[in-house]
There are 2 protein chains.
Amino acid sequence: MQHNQKKINSELNPNVSVDCVIFGFDLEQLTVLLIDRGEISSAFGPRMALPGNLIYDNENLDMAANRVLDELTGLNNIYLEQVGAFGDPDRIHKESDREWLKSIRAEPEARVITVAYFTLVPMSNYKPQASSFAKNADWVPVNEIKELAFDHFEILQAAKDKLKQKIKIQPIGFNLLPEKFTLSQLHRLYESILDKPLDKRNFRRKIQKLDILSSLREKQRGVPHKPSLLYEFNEEKYQELTQTGFDNFGF
Amino acid sequence: MQHNQKKINSELNPNVSVDCVIFGFDLEQLTVLLIDRGEISSAFGPRMALPGNLIYDNENLDMAANRVLDELTGLNNIYLEQVGAFGDPDRIHKESDREWLKSIRAEPEARVITVAYFTLVPMSNYKPQASSFAKNADWVPVNEIKELAFDHFEILQAAKDKLKQKIKIQPIGFNLLPEKFTLSQLHRLYESILDKPLDKRNFRRKIQKLDILSSLREKQRGVPHKPSLLYEFNEEKYQELTQTGFDNFGF
DNA sequence: TTGGATAGTGTAAATTTGACACAAAGCTAT
DNA sequence: ATAGCTTTGTGTCAAATTTACACTATCCAA
């Protein structure tokens, strides 16, 4: 929309949009950043929707997804991965959907294919008021989401599955944590993504054997219990590891 | 195209196409069904391309992919899975590409997003002359493909990766084999998908432990060596297995 | 000082993986 | 018919990995 002035010369493609499943982690559970479409839209259906927009004709899909993310959160340089394309011809059923689409300049009658992405953002970096859109945006724990506008619930499901599968192959979970984190937080993160409990000792053993964490001398402060050591993700060691064709972070 | 008369009332969407990576297995190696675009197109670039087409406004993406497959091979009810969406604005560079696009009724100047699928077909079921298109179609071993038209080489790469990854999680390889097959054929199939040698005895041990194969009393006939026992994929046992949340066919 | 909360640690049994070689069965050519 | 070629089919042992499981240490707050 008007946010990104650079794009104003190019035309919106009325047939293709991107939607972003923006994952965060509040140190307790996996959350998703949703847009509240407001009272009016809610008259006929779920208020909450994934952030998304039509694409411009001069940008590629990844760029469009990054733009949507940037417009909403002000973040860039973020882990981002395509989930896939969605596009039943009858995606849009309701009058309220049409109103909403008009408000984001989409053509309500057009058949729209949407390309879904998921992104992993460290919640600590997110400034809620980075853009005017963000006023209507909220983090919602994934487990509490029971319905979404359009086909967004289906997209969310696919994104969760993809993330679950991906984390077994690459240690991308770090993108959801602050730079310094504890093993317990990482543990909890894996549990909430994989949606199953993991034995504490076995988890720690396995993650440490990978040797992609740097333990800092620093400890947690101000917690009402034994403070944990803090760790950092070690990018270089990870690169070494993957360059040997390693692809099994098997959980 | 004109092949499928049912669709003639609906309009083609000029912005969205599907491309299919149709995998086969000739009992030696993994192959892909490619279209030869002919001499004229080849003047400026690779002749070979993935089969694909624009979508109609009244069909969903999976339907479109199935249609492309059906038009080319006459096959339906085939294992099919989305790879993802591809769509750089500058996908189409060459004059020859434009000519080709016109010939399939696409708008050469339009910005086209393509949604890629891969499908697994049992080569034994494929009748090469099922459609007029098939005259220009040929099975090509994946290892011999060095370039393709448009961005199709990139798409092929993504499809191979997806297949490789998927086969570690679900035993979809059976879709590439005839109903009755030998363990050696299955072994060879896994090797060619994973692109690495697998120890014969270890492979057989692992695959048998899954207990999703039914051994038939029948033997191979007419081979110039000790004949192998024939096996069938056992759908029911597989269903039992997956319904317990099993997702590791770990190779 | 005590109580509450979470951090951090080791071991033993079971399972899985990886490496490795030779006899059996059928076909072909003589 | 026989010898030779080709591929099938099979077992074991060592190493690595996985699973299950419980108690002490450290900090904060009351």
Side-chain angles (χ1 to χ4, degrees), chain A residues 26-29 167-169 171 177-178 180-192 194 196-232 241 244-251, chain B residues 26-29 167-169 171 177-178 180-192 194 196-232 241 244-251:
Chain A
D26 63 12
L27 303 187
E28 283 293 326
Q29 47 194 335
I167 207 175
K168 297 178 181 179
I169 292 177
L177 290 170
K180 299 172 182 180
F181 53 87
T182 72
L183 289 185
S184 295
Q185 289 164 355
L186 188 61
H187 180 204
R188 182 72 203 104
L189 173 58
Y190 271 75
E191 287 187 327
S192 63
L194 298 174
K196 71 177 181 193
L198 300 172
D199 180 84
K200 180 166 62 157
R201 279 179 287 192
N202 294 342
F203 175 81
R204 293 166 88 97
R205 171 160 33 114
K206 189 179 286 187
I207 211 80
Q208 306 229 44
K209 183 148 27 126
L210 293 178
D211 195 33
I212 52 176
L213 293 189
S214 301
S215 143
L216 305 173
R217 294 229 156 266
E218 203 175 341
K219 284 182 185 173
Q220 254 181 336
R221 300 224 31 165
V223 288
H225 55 261
K226 176 172 176 179
S228 171
L229 278 174
L230 292 171
Y231 290 80
E232 269 183 351
L241 194 58
T244 67
F246 188 83
D247 75 341
N248 182 1
F249 293 77
F251 287 95
Chain B
D26 63 9
L27 303 187
E28 284 292 326
Q29 48 195 335
I167 207 175
K168 296 178 182 180
I169 291 177
L177 291 170
K180 299 171 182 180
F181 53 86
T182 72
L183 288 185
S184 295
Q185 289 164 356
L186 188 60
H187 180 203
R188 181 73 203 103
L189 173 58
Y190 271 76
E191 286 187 328
S192 63
L194 297 174
K196 71 178 182 192
L198 300 172
D199 179 84
K200 179 167 61 159
R201 277 179 288 191
N202 294 342
F203 174 82
R204 293 166 90 98
R205 175 173 21 136
K206 190 178 288 187
I207 211 79
Q208 306 230 42
K209 182 147 30 119
L210 293 177
D211 194 34
I212 51 175
L213 294 189
S214 301
S215 143
L216 305 173
R217 295 229 153 267
E218 203 175 342
K219 283 181 185 175
Q220 254 181 334
R221 300 222 33 163
V223 288
H225 56 261
K226 177 173 175 178
S228 171
L229 278 175
L230 292 171
Y231 290 80
E232 267 184 354
L241 194 57
T244 66
F246 188 84
D247 75 341
N248 183 2
F249 293 78
F251 286 95

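These figures come from a predicted structure and were not determined experimentally. In what follows, every chain begins at residue 1, and chains take the letters A, B, ... in the order their sequences are listed.
- Atoms CG and CG, on B/L189 and B/L27 in that order, are 9.0 Å from each other to the nearest 0.5 Å.
- A/L229 comes within contact range of the sugar-phosphate backbone alone, with a heavy-atom separation under 4.0 Å but no base atom that close.
- B/L198 has its CG atom 12 Å from the P atom of C/dT17, to the nearest Å.
- Note that CG of A/L183 and CD1 of A/I207 are 8.0 Å apart. Values are rounded to the nearest 0.5 Å.
- To the nearest angstrom, P of C/dT28 lies 18 Å from NZ of B/K226.
- For the pair B/K219 and C/dG26, the criterion of a side-chain N or O lying under 4.0 Å from OP1 or OP2 is met.
- In this structure, CG in B/L230 is found 10.5 Å from NZ in B/K219, a value given to the nearest 0.5 Å.
- Contact annotation for A/S184: backbone-only contact, meaning every heavy-atom pair under 4.0 Å involves sugar-phosphate atoms and none involves a base.
- A/F181 meets the ring-ring contact (aromatic ring centres under 6.0 Å, His included) test with A/F174; sequence neighbours excluded.
- Of all heavy-atom pairs between A/Y190 and A/P171, the closest is OH-CA, 4.0 Å.
- The distance from atom CD of A/E28 to atom CZ of A/R188, rounded to the nearest 0.5 Å, is 6.5 Å.
- For the pair A/R188 CZ and C/dT6 C1', the interatomic distance rounds to 15 Å; values are reported in whole Å.
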Exercise for the section: Applying salt bridge (charged side-chain N to carboxylate O under 4.0 Å, His left out), run through A/E218 and A/K180 and close with a yes or a no. Expected result: CA-CA 9 Å; A/E218 203 175 341; A/K180 299 172 182 180; 3.0 Å; yes
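- Of all nucleotides in DNA chain D, those with any atom nearer than 4.0 Å to a heavy atom of chain A start and finish, going 5' to 3', at D/dT18 to D/dC28.
- DNA chain C lies under 4.0 Å from at least one heavy atom of each of the following residues of residues 199-214 of chain B: B/D199, B/R201, B/N202, B/R205, B/K206, B/K209.
- Residues A/L198 and A/H187 are in side-chain contact: their nearest non-hydrogen atoms beyond the backbone lie under 4.5 Å apart.
- For the pair A/H187 NE2 and C/dT9 C1', the computed distance is 15 Å after rounding to whole Å.
- Close to C/dT6, at under 4.0 Å from its OP1 or OP2, lies no side-chain N or O of A/S228.
- The side-chain heavy atoms of B/I167 and B/F249, taken from C-beta on, include no pair separated by under 4.5 Å.
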